[in-house]
Engineer: 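Got a structure for you, written out below as structure tokens; questions coming shortly.
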Amino acid sequence: MIKKQLLSALVASVCAAGAGFVQAGAITDQMIADDAKTPGDVLSWGMGTEGQRYSTLTQVNTKTVKDLVPVWSLSFGGEKQRGQESQPVIADGTMFVTASYSRLYAIETKTGKEKWKYEHRLPDGIMPCCDVINRGAALFDNLVIFGTLDAQLVALDRETGKVVWKKKVDDFQAGYSLSAAPIIAKGLLLTGVSGGEFGIVGRVEARDPKTGNMVWSRPTLEGYMGYKYDAEGKPVENGMTGTTNKSWPGDLWKTGGASTWLGGSYNAETGLAYFGTGNPAPWNSHLRPGDNLYSCSTLAIDVSTGQIVWHYQNTPNDGWDFDGVNEFVTFKTKDGRILGGKADRNGFFYVNDAKTGKLVNAFPFVKQITWASGIDLATGRPKFNDKNRPGDPSKTTDGKKGESVFSAPSFLGGKNQMPMAYSPDTGLFYVPANEWGMEIWNEPISYKKGAAYLGAGFTIKTINDDYIGALRAVDPMTGKIVWEAKNNAPLWGGVLTTKGGLVFYGTPEGLLKAMDAKTGKELWSFQVGTGIVAPPVTWEEGGVQYVAIVSGWGGAVPLWGGDVAKRVNMLNQGGSVWVFKLHKS
Ligand code: CA
Ligand code: CA
């Protein structure tokens, strides 16, 4: 009884001392919703659920950035190197960063000292398509939560690294894996699935982040039933996704892919989560006449209900592996409209109304696009160049190989997994783009569980001798490319922009660079000793602005890059996180 009285006295005094009493260090839904406005922490992938990757910090700016120096670097160690595509999250003096092979590190931000690490025990036979990467963790309450290559979600205690809950999302032997960072929206944990090259069933799932229990599931293939889950965890029907066989012939939709492998973004004003979807499976488009919804699309999902509110399909009946997974980043226009920008793998930049999905603008952000001559703004549909669709093998005499075509962009995309940034100061998107093409042809294929389900062959080709990558500053309203910074190797890391007038990004050649956001002039760079394929972040602690980047060359390019892989095969592997601050701060 005495204890109870003491406790209530303590609670009363804490409540009196400060508004909004919460458990010490607990990360709330409101804190995550406010993440972009609070530079003292980085609580979400995208540095705010909108995914703008914009910081209000100004200590490091166009004048001072020349004095940026490393503070510490921590190696992930071991023989396990490979691609490091992770964005760190940071709270209460601790950085949480995922690494290749489903590892997660908790690091003291002040010293770079490792507090604990979690190494997920991976079974034999995992099937990640595009390297053993992970893109980051989510923070909620006392937990840090991430997805693994064997298609599980793991929630760890932020202080101790002990497993609090673990859930199997799906069967890794059927090709499922998890590589995206989960997001938190309206108190729910939202995740996608990877595995579009294996004919998996794409979907978005909402869980209780405290327990991992399912709240709703929304398949992204037209024909599947959605579910919500009652208090006992029993599934209850929650409306079909579209109409069976409306956009797919026969049974093809059942193994139709549309994986949600890059995760999503969320806008608190619209209440909608935005998830992009990958290619329809198999790649051979002649097997599946129709639009093949909801592949290669942006889906806006009401987080409260698990229903699709609108969809916009970037590439109907995709025949080039133009996964439409790219991040939909919402922003406000001067007249108060909420729009979203998306730099699609197919080479076009799209601007949609974030509430209705109506197409507002669409224009190329790469120089060469062969599959379509443009996007019809009235209908929202691409103007296909029919001659550029790889041919139908069943129309050839032996039925084995359809006509091969040269297509640009390549299937590695005008842009791939590397997230862009948006600055409300300049009104520009900073897009890590690539100029490359491919020879692509179709072959016969049938679905077999756990086997690659492509029905296509390909070779990636370079287009220009002097560069593949180009960081481009893009005006979403006019479609103008305001400046560009070319790069010899393909860009594969994300972008950060700041109120200090800077744009940060890394290159496979190992340089972390800072550019003037207005002009594109390079103001600073630092060699991290291996390639960068991850997005930088910045935060403030004790009056000092820090910049962090994960380094470690790898990802899809060395595995799938054909002629390009040969051109970049001298790049060294690694696996570290680097932190910088101004020399004088
Ligand atoms: Ca924040
Ligand atoms: Ca794909």
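Order of listing sets the numbers, starting from 1, for every ligand and every atom in it.
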Engineer: May I ask you to check if any N/O/S atom from D34 comes under 3.0 Å of the Ca ion (ligand 1)?
Structural biologist: no
Engineer: Quick one: angle D35 OD1 - the Ca ion (ligand 1) - D41 OD1, to the nearest 10°?
Structural biologist: 100°
Engineer: Looking at the Ca ion (ligand 2), is there an N, O or S atom belonging to N279 that lies under 3.0 Å away from it?
Structural biologist: yes
Engineer: Indicate if the distance from the Ca ion (ligand 1) to the nearest N, O or S atom of T38 falls below 3.0 Å.
Structural biologist: yes
Engineer: What do the steps show when you test W320 against F411 for ring-ring contact (aromatic ring centres under 6.0 Å, His included), and what is the final call?
Structural biologist: CA-CA 6 Å; W320 304 265; F411 72 88; over 10 Å; no
Engineer: Are the charged groups of D251 and R288 less than 4.0 angstrom apart, N to O?
Structural biologist: no
Engineer: Output the atom name for the N/O/S atom of D321 with the smallest distance to the Ca ion (ligand 2).
Structural biologist: OD1
Engineer: Does CD belonging to E108 count more than 12 external heavy atoms closer than 6.0 Å?
Structural biologist: yes
Engineer: Check each of F275, Y274, F328, Y294 against H311 using the ring pair (Phe, Tyr, Trp, His ring centres under 6.0 Å) test, and report the only one that passes.
Structural biologist: Y294
Engineer: Calculate the angle formed at the Ca ion (ligand 2) by OD2 in D323 and OE2 in E197; 10° precision is enough.
Structural biologist: 150°
Engineer: When you check the gap from the basic side-chain N to the acidic O, do R389 and E403 get nearer than 4.0 Å?
Structural biologist: no
